[in-house]
Amino acid sequence: MAYYYDEPSHTFGEYLLIPGYTSADCIPEHVSLKTPVVRFNKKAGESADLYMNIPMTSAVMQSVSDDKLAIALAKEGGISFIYGSQTIEDQAAMVARVKAYKAGFVTSDSNIRPDQTLEEVCQLIEKTGHSTIAVTDDGTAHGKLEGIITERDFRIDHVPANSKVKEYMTPFKDLITGQDGISLNEANDIIWANKVNQLPIIDKNGHLVSLVFRKDFDSHVTYPNELLDSRHRYIVGAGINTRDYMQRVPALLEAGVDIMTLDSSEGYSEWQSRALHDIHDKFGKNVKVGAGNVVDRDGFMFLAENGADFVKIGIGGGSICITREQKGIGRGQATATIEVAKARDEYYEKTGIYVPICSDGGIVHDYHVTLALAMGADFVMLGRYFARFDESPSNKLVVNGNYVKEYWGEGSNRARNWQRYDLGGKKGMAFEEGVDSYVPYAGHLHDGVQLTTSKVIHTMCNCGALSIPELQEKAKITLVSSVTVQESGAHDVVVKNTSIQS
């Protein structure tokens with residue numbers, strides 16, 4: 001006879017937090033959102049090898065996580081898992097571009113030779129939108145630096161368009177430069193001391209390595225939570241599947257990936273066990289690999305015992321996911337998170353090893369992030385949330401007079417990511433488990449993440465917590481009725497429509 005759960009499963013929207021005592025010290029400025037990402041021996045007093053400064057990761061999806069979004073999210077303190085439903089070469093190239101984007105040190109994308117013309121300079125400025133152009137001997141980003149030319153060095157309507165760059169550029173002998181290996185603070189000190197707008201960084205042979213811009217100093221101050229590795233490069237993750245991982249993983253490691261996750265709609269499988277063991281046996285225990293997704297104690301224990309560095313929770317809760325509709329399998333995200341958190345704590349008590357858990361899916365409102373954390377999640381994974389921003393890879397369109405961005409599931413025909421739903425049989429997609437859709441456009445990622453984390457921080461203060469572990473210890477959570485849900489929003493009033501124009 002089948003096993004029947006006594007209680008129905010619940011979603012985040014069915015819960016509310018009860019305020020706790022807020023002391024005088026419990027103010028937003030004192031709250032830390034730092035959270036571990038990978039397993040560690042907590043009882044032995046060890047620390048995790050990798051932490052995030054905010055508990056937010058972006059989903060392994062074509063319409064969400066590419067190199068552009070990965071850089072933007074790392075600036076905020078989170079990690080993007082670049083989608084794996086592409087060729088190994090293309091995914092590795094995205095990872096490499098993130099790692100090459102050294103915080104504050106920019107690889108020049110506007111380069112020209114000294115023998116080229118001012119007309120070509122103007123064409124390059126129009127193409128890249130950047131008015132500072134490096135002049136190198138071969139016109140590449142890492143050629144021998146000959147000078148710098150900007151749009152302020154000439155007026156195209158007052159000089160012959162076929163004039164040579166070398167006649168108007170600031171030559172190398174007149175440039176202020178920095179040597180490769182210099183720190184960002186040292187580079188900024190040189191910029192300010194010499195009252196220049198940019199500092200070319202060169203190697204011992206005079207080849208251009210990167211550029212540091214005065215404007216990026218303010219940017220560095222804007223992103224105090226930047227997530228950097230030991231070489232001051234942005235942290236980046238990647239999704240892998242259980243088919244080609246022995247070819248994909250080495251390419252990603254060569255590109256500099258910091259962490260990977262097995263991306264599957266259902267992770268309680270022999271295929272994930274084999275992949276975890278193969279990867280750790282072949283490439284070393286220090287290679288970090290998360291696994292999932294699961295929705296109960298048994299699934300978590302299976303993956304933790306097989307070496308998963310973190311475990312993802314959630315089946316069928318994503319806004320574009322139709323797995324439950326197609327296959328009748330899944331669980332309410334709140335109930336799944338609560339049970340897996342209990343299993344995580346049980347595993348820790350038994351082994352001393354703390355395996356972080358990630359709640360993936362089911363986040364509709366910002367407060368759902370706080371609820372997921374309070375219920376035991378160490379961090380959350382978001383798809384629809386990040387798909388709305390400028391930095392996501394999908395197109396921005398106008399539909400019915402409103403700006404939207406395209407958003408499609410990895411189980412949709414558009415993504416054709418059959419590996420995510422692989423059950424070890426023939427290659428190919430048997431049926432769809434995701435839809436193709438639009439989401440309301442939401443502007444810049446920075447503004448959205450700042451608003452969301454601000455809400456999380458203020459709610460934590462309401463609960464008397466200054467850290468995520470303290471929130472999990474002190475949180476008081478209540479189920480709510482349908483009438484309570486109705487009461488939670490504006491009601492019994494006529495809400496003014498502030499968008500009405502006179």
Side-chain angles (χ1 to χ4, degrees), residues 33-35 37 51-83 94-95 97-104 106 129 213 215-216 218-229 233-239 258-259 261 318-320 358-361 363-370 372-373 379-397 402-408 410 437-458:
L33 294 180
K34 187 174 182 179
T35 191
V37 183
Y51 286 84
M52 286 189 292
N53 293 325
I54 62 170
M56 300 171 72
T57 62
S58 68
V60 189
M61 300 178 70
Q62 293 176 6
S63 56
V64 178
S65 299
D66 67 351
D67 49 306
K68 184 178 179 181
L69 189 126
I71 291 169
L73 185 51
K75 287 181 178 180
E76 303 300 331
I79 296 175
S80 186
F81 286 86
I82 290 177
Y83 67 93
M94 284 190 180
V95 170
R97 286 196 291 272
V98 177
K99 300 309 288 188
Y101 193 96
K102 191 176 177 184
V106 180
F213 292 91
K215 65 179 177 63
D216 285 340
D218 294 331
S219 174
H220 204 61
V221 173
T222 302
Y223 304 107
N225 288 323
E226 283 182 312
L227 196 61
L228 308 173
D229 65 16
R233 302 176 302 174
Y234 286 125
I235 298 290
V236 62
D258 297 282
I259 185 167
T261 186
S319 59
I320 40 68
C358 167
S359 185
D360 173 19
I363 304 285
V364 179
H365 303 292
D366 288 341
Y367 81 90
H368 290 172
V369 175
T370 318
L373 299 174
F379 53 97
V380 299
M381 179 170 279
L382 304 157
R384 180 195 61 84
Y385 177 91
F386 286 114
R388 304 171 304 148
F389 297 127
D390 282 317
E391 293 82 358
S392 77
S394 65
N395 295 318
K396 184 170 77 169
L397 308 170
N402 297 308
Y403 282 110
V404 297
K405 294 212 64 172
E406 294 180 300
Y407 179 45
W408 58 94
E410 288 299 290
S437 66
Y438 301 119
V439 289
Y441 168 66
H444 295 301
L445 180 145
H446 173 71
D447 297 330
V449 169
Q450 286 295 301
L451 179 59
T452 299
T453 53
S454 177
K455 291 179 182 179
V456 173
I457 287 169
H458 280 77

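Values below: all heavy atoms of this structure, side chains included; hydrogens, waters and symmetry mates excluded.
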Asks: With the side chain counted from C-beta on, respond yes when M52 and T57 share a heavy-atom pair under 4.5 Å apart, and no when they do not.
Replies: yes
Asks: Is it the case that more than 12 heavy atoms not belonging to Y438 sit under 6.0 Å from its OH atom?
Replies: no
Asks: Which value, rounded to the nearest 0.5 Å, describes the distance between L373 atom CG and L33 atom CG?
Replies: 8.0 Å
Asks: Measure the spacing between CG of N395 and NZ of K405 and express it to the nearest 0.5 Å.
Replies: 7.5 Å
Asks: Within a radius of less than 6.0 Å around NZ of K34, do more than 12 heavy atoms belonging to other residues, nucleotides or ligands occur?
Replies: no
Asks: Got M61 and S65 here, is their nearest side-chain heavy-atom distance under 4.5 Å?
Replies: no
Asks: Can you name the nearest heavy-atom pair linking W408 to S394, along with the distance?
Replies: CZ3-CB, 4.0 Å
Asks: Do S63 and Y407 touch side chain to side chain, with heavy atoms closer than 4.5 Å?
Replies: yes
Asks: Take the angle between the ring planes of Y367 and H365 and call it parallel below 30°, perpendicular above 60°, tilted in between.
Replies: parallel
Asks: Which value, rounded to the nearest 0.5 Å, describes the distance between K396 atom NZ and F389 atom CZ?
Replies: 13.5 Å
Asks: Hey, does Y441 have a side-chain heavy atom less than 4.5 Å from the side chain of D390?
Replies: yes
Asks: What distance separates S80 OG from L69 CG, expressed to the nearest 0.5 Å?
Replies: 5.0 Å
Asks: Evaluate the side-chain proximity of I71 to R97: yes if any heavy-atom separation is below 4.5 Å, no if none is.
Replies: no
Asks: Return the minimal non-hydrogen interatomic distance between Y83 and V60, and the atom names on each side.
Replies: CA-CG1, 3.7 Å
Asks: Testing the basics here: between N225 and N53, what is the closest heavy-atom pair and its distance to 0.1 Å?
Replies: O-ND2, 2.9 Å
Asks: Over all heavy atoms of both residues, which pair between F379 and M56 is shortest? Give the atoms and the distance, please.
Replies: CB-N, 4.4 Å
Asks: What's the shortest heavy-atom distance between P393 and V64, and which atoms?
Replies: CD-O, 3.2 Å
Asks: Measure the shortest side-chain to side-chain distance between T452 and I54 over non-hydrogen atoms and say whether it is less than 4.5 angstrom.
Replies: no
Asks: Compare every heavy atom of E391 with every heavy atom of L445, then report the nearest pair and how far apart it is.
Replies: N-OE1, 3.0 Å
Asks: Taking only Lys NZ, Arg NE, NH1 and NH2, and the carboxylate oxygens of Asp or Glu, determine whether R233 and D258 approach each other closer than 4.0 Å.
Replies: no
Asks: Say you draw a straight line from CE of M381 to OG of S359; how long is it, rounded to the nearest 0.5 Å?
Replies: 10.5 Å
Asks: Looking at side-chain heavy atoms only, is the closest gap between I363 and Y385 below 4.5 Å?
Replies: no
Asks: Look at the aromatic rings of Y101 and Y234 and report parallel, tilted or perpendicular, splitting at 30° and 60°.
Replies: parallel
Asks: Any pair with a residue in residues 440-457 that passes salt bridge (charged side-chain N to carboxylate O under 4.0 Å, His left out), sequence neighbours left out, goes on the list, sorted by first then second residue, please.
Replies: D366-K455
